[in-house]
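All remarks here apply to the structure that follows.
Just so you know, these numbers use all the heavy atoms, side chains as well, and skip hydrogens, waters and symmetry mates. All figures in this text were calculated on a predicted structure; none of them were measured in a lab.
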Amino acid sequence: MPESILTTKLQPSPLREPAVHRPRLTAKLARAAAHRLTVIAAPAGFGKSTLLGAWLATEAARAGWLALDPHDDAAPRFLRYLVAALQQIDSTIGSQALALLDSGHIPATETVLATLINDLAATARPAFLVLDDYHVIESPAIHAALDFLLAHAPPQLHLVIAGRATPPLALARLRSQAQLLEIHAADLRFTATEIDEFLGAVMHLDLPPADRIALEMRTEGWVAGLQLAALSLQGEDDKHAFIAAFRGADRHIADYLFEEVLRHLSPARQRFLLCTSVADQLCAGLCDAINGGSDGQATLENLDRANLFVVPLDHDRRWY
């Protein structure tokens, strides 16, 4: 792997969303040191990476960062990058793990992790390991490896996972032990105050209060949606008319959703979303009737976990 690519993977991504001062969220992240795992899960364009980068820039604790992509969805490659990220925290970590990975045969994942855990136990200071864009990882072996690391790592290691979907890890156990800190889309939506700061200080738009409120309602605080709307507004003479007509069908919004979300979905998921989009509320039976299938409930639950366009309307997850 070229050094330039490795360097890119081991540092926060360039800002993809506008930088707005968000003390309520950085204050919440400040509690990460009291939890074994922090999960930041929200759809595309909610400012997850930007928030983490801003928080780590002011955080005194040591941190390692790993930006994942679909090519990392294999245990040996993932483990190598995991070691490299941990070596950002302490260069003495991982020499034995790398020796095992370079030994010419594929070592057991738990054996590699055990050496890393021993190295981590020898370090005294708290440290954060950030895994960004974890939603690209689908390998059960990698999920199992992280569960093992979470179960056995020393208390000074705090894992932070960010992605578009809730990671399929043993979260219930950590939640019951008060060892899980969670941040979701509802937390990441821009508040009215943050929208005012973004439109004024970042995008240099002077809008009357009624138009700002209308834009907040149209975007529901979605960071990327606000950014796309603001970019369009900068070239509009009649800003009030543009905001009044702004909808999810706006070409910039549609292009963003296609490029960032829809084109990455399987044909089966695309078809399910297209067919069921005619209904405002969905249940398993209705989905099966529309699609002529029998997996409506499982698909709805999978879409919910992946933060893909559906929101549960009850605690039993029957209606969405």
Q | Side-chain donor/acceptor of H158 to backbone N/O of A33, under 3.5 Å | A |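 At least one qualifying donor-acceptor pair exists.
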Q. Can you tell me if E110 uses its side chain to pair, donor with acceptor, with the backbone of F148 under 3.5 Å?
A.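 Answer holds: no.
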Would you call [X] and [Y] a side-chain contact if the rule is heavy atoms closer than 4.5 Å?
X: T109; Y: I142; value: no
X: F242; Y: S232; value: yes
X: I183; Y: V39; value: no
X: R317; Y: L300; value: no
X: Q179; Y: L150; value: no

Q. Hey, mind stepping through D132 and S49 against side chain to side chain donor-acceptor pair (under 3.5 Å) and telling me if it holds?
A. CA-CA 7 Å; D132 195 18; S49 299; 2.7 Å; yes
Q: Taking side-chain hydrogen bond (donor to acceptor under 3.5 Å, both in side chains) as the test, write out the residues that go with D187, two or more places apart.
A: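 With neighbours one apart ignored, the set is empty.
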Q | For the student: nearest non-hydrogen atoms of A121 and Q156, plus distance | A |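 Closest heavy-atom pair between A121 and Q156: O-NE2, 3.6 Å.
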Q) Taking everything shown except R318 itself, do over 12 heavy atoms lie less than 6.0 Å from its CZ? A)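 12 or below, so no.
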Q. Would the number of heavy atoms belonging to other residues, nucleotides or ligands and lying under 6.0 Å from CG of D314 be above 12?
A.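 Yes, CG of D314 has more than 12 neighbouring heavy atoms, counting only those of other groups under 6.0 Å.
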(Q) Could you go through F78 and H143, starting from their C-alpha distance and side-chain angles, then the distance that decides it, and tell me whether this counts as ring pair (Phe, Tyr, Trp, His ring centres under 6.0 Å)? (A) CA-CA 11 Å; F78 178 87; H143 299 324; 9.1 Å; no
Q. Out of L52, L131, I89, V160, which one pairs with W65 under the side chain to side chain contact (heavy atoms under 4.5 Å, CB included) rule?
A.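 Only one option passes, and that is L52.
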(Q) Same cluster or not: F190 versus M217, using hydrophobic residues (I, L, V, M, F, W, Y) connected whenever any side-chain heavy atoms lie under 4.5 Å apart? (A)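 Different clusters.
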Q: Look up atom OG in S91 and atom CG in L86, then write down how far apart they are to the nearest 0.5 Å.
A: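 So the gap between those two atoms works out to 12.0 Å.
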Q. Where do E194 and R22 land on the salt bridge (charged side-chain N to carboxylate O under 4.0 Å, His left out) test, with the steps shown first?
A. CA-CA 7 Å; E194 290 165 345; R22 312 190 76 182; 3.2 Å; yes
Q.
Run the salt bridge (charged side-chain N to carboxylate O under 4.0 Å, His left out) test on R80 and D102 for me, step by step, so that the C-alpha distance in whole Å, both residues' side-chain angles and the decisive distance to 0.1 Å come before the verdict.
A. CA-CA 10 Å; R80 286 182 180 277; D102 292 334; 2.6 Å; yes
